[in-house]
Amino acid sequence: MTKQELSDRISELLKAADKLDEPERTFKLVDVSRLKIAIHGMSVSDIAGKMQSISLPEIQELEDSIQLATQAVSSHSARVKAFNKAYGIIKGAIGLVI
């Protein structure tokens, strides 16, 4: 996954967070904003090295979780759970303590 692809996934998470109900919306928007700032401060080589540690099943799980988090027809708790999973995969992969 490249820095641009990672940035795209984070943008998708921002959109998903914006669809959540309060107070989760505010908390998740702040979480993703912090993640975005941290990633933009990292070098491309650092991100590439860390993202290579993600296995293919985790990438598919990330994609699925982002898709579930954005589906407005899902229950609120299911969207929050899917959002948290996708956010956790990205945060864990790049080793950020936010």
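Note that the structure is a prediction, hence the values are computed from the model and not measured. We count residues from 1, following the sequence as given.
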Residues in side chain to side chain contact (heavy atoms under 4.5 Å, CB included) contact with Asp18, at least two apart in sequence or another chain: Arg25, Leu29
Residues in side chain to side chain contact (heavy atoms under 4.5 Å, CB included) contact with Lys85, at least two apart in sequence or another chain: Glu61, Ser65, Ile89
Distance from [X] atom [atom1] to [Y] atom [atom2], nearest 0.5 Å?
X: Leu35; Y: Tyr87; atom1: CG; atom2: OH; result: 5.5 Å
X: Ile10; Y: Leu6; atom1: CD1; atom2: CG; result: 4.0 Å
X: Leu13; Y: Asp8; atom1: CG; atom2: CG; result: 11.5 Å
X: Asn84; Y: Glu24; atom1: CG; atom2: CD; result: 9.0 Å

Shared-cluster residues of Leu20, by chain and number - hydrophobic side chains joined below 4.5 Å: Val80
Any donor-acceptor N/O pair, Arg79 side chain to Lys19 backbone, under 3.5 Å: yes
Any side-chain heavy-atom pair of Leu14 and Lys36 under 4.5 Å: yes
